[in-house]
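My questions will all concern the structure given below.
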Number of protein chains: 2
Amino acid sequence: MSLTSRSDQHALFSQFALVADALAHCHRLSLLELLAQGERRVEVLAGFLGISIASTSQHLQKLKRAGLVVDRPVGRQRLYRLSGNQVASLVLALEKVAETSLASVEKLVGEQIRSRDVEPPIRAAELRALIEREPVVLLDVRPAEEYLAGHLPGALHLPWERLRHEPPTWPADSMIVVYCRGPYCFLALEALQALHRQGYRVRRLEDGVPEWRRLGFPVEEDARGVA
Amino acid sequence: MSLTSRSDQHALFSQFALVADALAHCHRLSLLELLAQGERRVEVLAGFLGISIASTSQHLQKLKRAGLVVDRPVGRQRLYRLSGNQVASLVLALEKVAETSLASVEKLVGEQIRSRDVEPPIRAAELRALIEREPVVLLDVRPAEEYLAGHLPGALHLPWERLRHEPPTWPADSMIVVYCRGPYCFLALEALQALHRQGYRVRRLEDGVPEWRRLGFPVEEDARGVA
DNA sequence: CCAATCTTCAACTGTTATATTTAATGATAG
DNA sequence: CTATCATTAAATATAACAGTTGAAGATTGG
């Protein structure tokens with residue numbers, strides 16, 4: 001009986017290891033970050049990652065075998081999405097542990113992210129309070145599909161690709177909060193720096209829509225505010 | 001600039017993947033479960049896993065490189081421990097996701113664990129409430145070192161190895177709650193079944209001491225109650 | 001039904017990794 | 001200096017990985 005216990009535990013933990021193994025590749029982590037924003041097709045995901053469609057499909061299937069994503073056929077294409085909200089939380093937990101206990105990550109994050117924030121990023125809860133106190137321009141710089149799949153209430157949509165070429169003209173004293181996919185997405189950082197150079201008062205929201213949702217805050221899914 | 005962003009993201013996510021990779025082996029998950037109970041020496045850990053000391057040492061170093069464990073020399077031996085409480089939480093989150101989204105895990109857990117619970121296991125918060133209402137015999141069936149490193153307040157220590165050979169003699173109507181390392185540790189299940197066969201009213205606490213601690217509940221670190 | 005589109009599969013390359021054991025080496029305490 | 005405990009090295013065996021290209025499946029629109 002104690003013998004079966006040991007092998008049972010072995011079998012169980014091997015399954016857990018399978019899930020961890022699915023997380024153990026930078027492209028698959030990128031895929032999960034993208035899918036946390038909403039459903040996407042294989043071809044589009046391949047485009048974001050800059051690798052072949054076949055390779056992307058194989059990564060997706062590894063994630064699927066680990067139960068982290070599910071797919072459904074729509075027309076002649078196939079849409080992938082996270083199998084649940086806990087998946088996005090798991091990835092965030094992984095990244096948080098890496099950041100606090102791996103010096104190399106701490107260094108990378110410091111160099112690439114913290115040094116580019118003109119002031120410390122704002123967290124979801126703080127933002128909710130800030131909105132009550134003063135008018136804030138909320139800026140979503142993700143691609144259109146992700147904005148449409150859900151964005152912060154009242155957020156304007158100005159994807160980084162457009163913002164980059166057509167600088168906005170708001171009243172100079174506007175308070176702007178810009179956000180993208182999450183704490184490790186670089187889109188908001190680019191926008192932040194561009195707007196800062198133009199003299200705007202601008203801060204970055206550290207969290208993305210998935211985390212905002214997880215906290216139980218309201219999300220808008222229509223297209224109001226598209227620039 | 002957008003080019004550096006992509007390679008920066010790549011570098012960052014590769015580091016995250018390194019942490020996931022450290023989690024991706026059943027022996028290393030077992031090690032983390034053991035270390036979540038407290039500091040341990042390499043030789044002892046090897047004994048629990050049933051593998052060689054050298055192999056155990058190598059697994060520990062992979063965990064160390066990923067920042068999940070730290071070590072300190074004590075005399076001529078070396079004690080390993082988790083690098084922080086978030087590590088145990090991360091492992092639990094991983095296991096939870098696996099359980100809810102992998103059918104094979106769901107099946108294993110159902111067969112090996114849920115079917116052996118005579119009634120649904122109790123959670124930490126419920127147990128706290130239960131203790132207020134009626135007298136409960138709290139039973140810690142982990143090895144002595146783990147009990148000494150921290151146990152539930154007032155818990156008796158009766159390791160499974162002893163319980164197995166010397167059945168206890170309590171008043172027959174005692175309410176007993178037995179616990180071990182966590183939701184996927186088999187020690188408490190063995191004890192549960194043994195006590196149930198002897199006619200006791202007995203339930204299993206699903207959480208272990210690490211989770212109990214995480215919830216901010218008090219933990220006893222002295223040796224009161226050793227049988 | 002045919003042709004176009006999107007995805008998966010199969011085959012292949014090249015590279016790299018893994019876990020494990022035994023034995024040697026290091027380090028520390030007594 | 002010796003006994004103890006841990007790390008490292010060497011070696012083996014096994015296998016896995018990611019990525020590409022090109023063919024095969026599946027589904028829709030005409």
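All chains are named by letter (A, B, ...) in the order of the sequence lines, taking the proteins before the strands, and each is independently numbered beginning at 1.
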Of the nucleotides C/dC6, D/dT7, C/dG30, which one has an atom closest to the side chain of A/R76? C/dC6

Smallest heavy-atom separation, B/V109 atom then B/E99 atom, equals CG1-OE2, 3.7 Å

Classify the nucleic acid contact of B/K62 as base, sugar-phosphate or nothing, counting any heavy atom under 4.0 Å across all strands shown. sugar-phosphate

Quick one: is D/dT20 close enough that its OP1 or OP2 comes under 4.0 Å of any side-chain N or O from A/S52? yes

For C/dA10 and A/Q58 - does any side-chain N or O of the residue sit under 4.0 Å from the phosphate oxygens OP1/OP2? no

Given C/dT7, is OP1 or OP2 found less than 4.0 Å from the side-chain N or O atoms of A/S57? no

What's the closest nucleotide to the side chain of B/H25 if the choices are C/dT20, C/dT22, D/dT21? C/dT20

Do NZ/NE/NH1/NH2 and the carboxylate oxygens of A/R213 and A/E221 come within less than 4.0 Å? yes

Can you tell whether the side chains of B/R114 and B/E106 come within less than 4.0 Å, N to carboxylate O? yes

Inspect the contact between B/D21 and B/K62 and indicate whether a charged nitrogen and a carboxylate oxygen are less than 4.0 angstrom apart. yes

Please check the phosphate of D/dG19 (OP1 and OP2 only) for any side-chain N or O of A/H27 closer than 4.0 Å. yes

Does a nitrogen or oxygen in the side chain of A/R78 sit under 4.0 Å from OP1 or OP2 of D/dA26? no

Spacing between B/I53 atom CD1 and C/dT25 atom C1', to the nearest angstrom: 15 Å

Between D/dC5 atom C1' and B/L79 atom CG, what is the distance in whole Å? 12 Å

Would you kindly give the CG-to-P distance between B/D21 and D/dA18, to the nearest whole Å? 10 Å

Here the distance between atom P of C/dT28 and atom CD of B/E43, to the nearest Å, is 18 Å

Taking only side-chain N and O atoms of B/H59, does any of them lie within less than 4.0 angstrom of OP1 or OP2 on C/dT20? yes

Could you give the CD-to-C1' distance, from A/Q61 to D/dG19, as a whole number of Å? 15 Å

So, is B/R41 close to the D/dT4 phosphate, meaning a side-chain N or O under 4.0 Å from OP1 or OP2? no

Rounded to the Å, how far apart are A/D71 CG and C/dT7 C1'? 10 Å

When you measure from the side chain of B/V42, which nucleotide among C/dA19, D/dA6, D/dT27 comes out closest? D/dA6

note: B/L31, atom CG; D/dA6, atom C1'; distance rounded to Å ~ 15 Å

Just N and O in the side chain of B/Y80: are any of them under 4.0 Å from OP1 or OP2 of D/dT7? yes

Rounded distance in Å - CD (A/Q77) to P (C/dA4): 18 Å

Ring-face cation of A/R181 near A/F48 (centre distance under 6.0 Å, axis angle within 45°): yes

